[in-house]
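Take a look at the structure below.
We count ligands from 1, going down the list as the structure has it; atoms in each ligand are counted the same way. What you see is a predicted model; the values in this text were computed from it and never measured.
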Amino acid sequence: MKLAVRTGGKPYDIILERGILQHAKDCISAVHPFLISDDGVPEKWRKMLQDQFPDSPMHVIPQGEGSKRFEILQEVLADMLEHHLSRKDTVIALGGGVVGDLSGFASACYMRGIQYINIPTTMLSMVDSSIGGKTAIDFHGVKNCVGAFWQPSLVLIDPEVLSTLSPRLLHEGLAESVKMGLTHDRVLFELFESDDYMMHMDEIIERSLRVKRGVVERDERESGERKLLNFGHTFGHAYESYHELNRYLHGECVAMGMMTVIRDEALKQRLKAVLERLQLPLCCEYDTEAIVRLVKNDKKADHGTVTIVQTDEPGHGYLEEWDEDQIRQALMKADPALS
Ligand SMILES: NC(=O)c1ccc[n+]([C@@H]2O[C@H](COP(=O)([O-])OP(=O)(O)OC[C@H]3O[C@@H](n4cnc5c(N)ncnc54)[C@H](O)[C@@H]3O)[C@@H](O)[C@H]2O)c1
Ligand SMILES: [Zn+2]
């Protein structure tokens with residue numbers, strides 16, 4: 001399946017096909033691309049790409065969020081210079097969101113911007129981070145605060161690579177698809193309600209890509225509609241910050257964040273059933289006042305109120321402004337028995 005993405009810059013394709021990593025070279029015109037991956041991406045997938053470009057260097061960064069920092073960016077840029085990459089050369093990112101964000105930003109900076117191709121290998125990066133053109137590193141303890149909008153020239157998605165991903169990482173990525181189903185695509189949400197949702201993985205990825213593509217095409221710089229994709233994220237980010245030491249993954253916090261805001265009782269029960277099926281947490285322990293403060297400090301806070309994404313039926317998300325009392329009430333209503 002091929003999907004064209006048309007944003008402000010040059011249009012590009014997303015190709016979703018089982019086994020495409022094995023013949024990625026057929027889709028890539030660059031002869032000596034510069035390859036970037038991380039040491040948590042199984043050797044099997046890295047070798048599969050390297051074998052197709054035997055003369056290309058592959059820069060392997062340490063796995064984990066800790067690699068989204070200046071020192072690693074500097075090492076990647078230095079390696080690109082040492083290999084004499086010119087403005088006409090291409091970078092290929094093979095990995096999850098960390099590799100994608102760092103490689104995209106390195107490509108945006110190098111020689112004022114060179115082409116990059118993204119080959120996402122985690123569920124989250126397939127359905128979410130690989131399209132939309134946001135690239136970044138973390139700085140001074142603030143996530144994604146130094147970056148650029150830089151679109152890839154091609155995205156290749158091979159669901160086969162998910163076979164090596166842990167169930168926990170698979171499920172946390174799917175939380176983003178559940179979110180997109182609730183805000184934009186009823187059928188996508190209903191796929192998760194069927195017992196054999198695992199059989200529909202390619203359709204889940206395709207439908208999620210269509211949602212994300214539609215939103216970024218209409219709102220490349222996140223001024224309006226893209227905010228709907230923040231469903232579950234305002235409280236989700238607060239839970240992420242509150243629980244240090246990475247106790248919960250991003251998608252797990254989004255799952256809990258969706259449960260906190262959703263008001264329609266019948267829909268909440270449907271969401272609960274889906275999240276349980278995906279072994280995602282519904283609620284966690286927290287100090288209500290600490291979460292209220294974190295939610296208000298979230299970048300979406302404006303003039304004392306916070307923009308919250310709400311939904312009352314699958315496929316239909318909309319924005320609301322919540323004041324401090326509404327934030328507190330939602331937190332107090334969260335059922336501790338669910339934690
Ligand atoms: N740019 C955006 O729009 C956007 C959107 C959402 C998230 N993000 C960013 O994405 C990052 C998170 O991405 P992620 O969840 O993909 O995490 P990740 O890139 O850290 O990958 C998770 C782990 O899985 C390993 N891995 C990758 N592919 C694998 C495979 N096929 N089999 C087994 N293991 C594999 C990685 O080595 C890593 O250890 C965060 O930094 C976040 O800020 C960016
Ligand atoms: Zn997210």
[X] neighbourhood, listing ligand 1 atoms whose heavy-atom distance to it stays under 4.0 Å:
X	result
Glu172	15 (O)
Val41	27 (C), 37 (O)
Thr164	30 (C), 31 (N), 32 (N), 33 (C)

When you measure from [atom] to each heavy atom in [options], which option holds the nearest one?
atom	options	result
atom 3 (O) of ligand 1	Glu176, Gln63, Lys134	Lys134
atom 42 (C) of ligand 1	Lys143, Arg46, Met126, His250	Lys143
atom 8 (N) of ligand 1	Gly173, Ser130, Ser129	Ser129

- Item | Contact flag Asp128/the Zn ion (ligand 2), N/O/S atoms, threshold under 2.8 Å | no
Which protein non-hydrogen atom lies closest to [atom], naming both residue and atom, and how far is it?
atom	value
atom 40 (C) of ligand 1	Glu65 OE1, 3.3 Å
atom 37 (O) of ligand 1	Asp38 OD1, 2.7 Å
atom 23 (C) of ligand 1	Leu169 CD1, 3.8 Å
atom 7 (C) of ligand 1	Leu124 CD2, 3.6 Å
atom 34 (N) of ligand 1	Gly40 O, 3.5 Å
atom 21 (O) of ligand 1	Thr122 CG2, 3.6 Å

Would you check the N or O atoms of [X], main chain and side chain alike, for any that come under 3.5 Å of an N or O of ligand 1?
X	result
Ser125	no
Thr121	yes
Asp101	yes
Val98	yes
Gly97	yes
Val161	yes

Could you give the distance from [atom1] ([X]) to [atom2] ([Y]), rounded to the nearest 0.5 Å?
X	Y	atom1	atom2	answer
Leu282	Lys268	CG	NZ	9.5 Å
Met201	Ile205	CE	CD1	7.0 Å
Leu156	Leu21	CG	CG	8.5 Å
Lys272	Cys283	NZ	SG	11.5 Å

What I want to find out is whether [X] reaches [Y] closely enough, with some N-O distance under 4.0 Å, to be called a salt bridge.
X	Y	value
Glu172	Arg168	no
Asp195	Arg277	yes
Arg18	Asp202	yes
Lys143	Asp138	no

- Could you label the plane-to-plane angle of the Tyr248 and His243 rings as parallel, tilted or perpendicular, counting under 30° as parallel and over 60° as perpendicular? perpendicular
- Query: Roughly, to 10 degrees, what angle do His233 atom NE2 and Glu176 atom OE2 form around the Zn ion (ligand 2)?
  - Reply: 110°
Give the contacting part of [X] toward ligand 1: side chain, backbone, both or neither, where contact means a heavy-atom distance below 4.0 Å.
X	result
Ser166	neither
Asn144	side chain
Thr135	neither

- Task: Ignoring hydrogens and angles, state whether a donor on the side chain of Thr260 or Tyr239 is under 3.5 Å from an acceptor on the partner side chain.
- Result: yes
- Message: We want to know whether Thr164 and Trp45 form a side-chain donor-acceptor pair, criterion being a heavy-atom distance below 3.5 angstrom.
- Response: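 The answer is yes; a qualifying pair exists.
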- Query: Just by modelled atom types, is the Leu229 backbone N or O under 3.5 Å from a matching donor or acceptor in the Lys179 side chain?
  - Reply: yes
- side chain to side chain contact (heavy atoms under 4.5 Å, CB included) between Arg270 and Glu190, intermediate numbers included: CA-CA 10 Å; Arg270 287 172 69 185; Glu190 287 171 358; 4.1 Å; yes
- Message: Taking a cutoff of less than 4.0 Å between a non-hydrogen atom of the residue and any ligand atom, is Gly95 in contact with ligand 1?
- Response: no
- Message: Quick check: His84 with His32 (ring centres under 6.0 Å apart)?
- Response: no
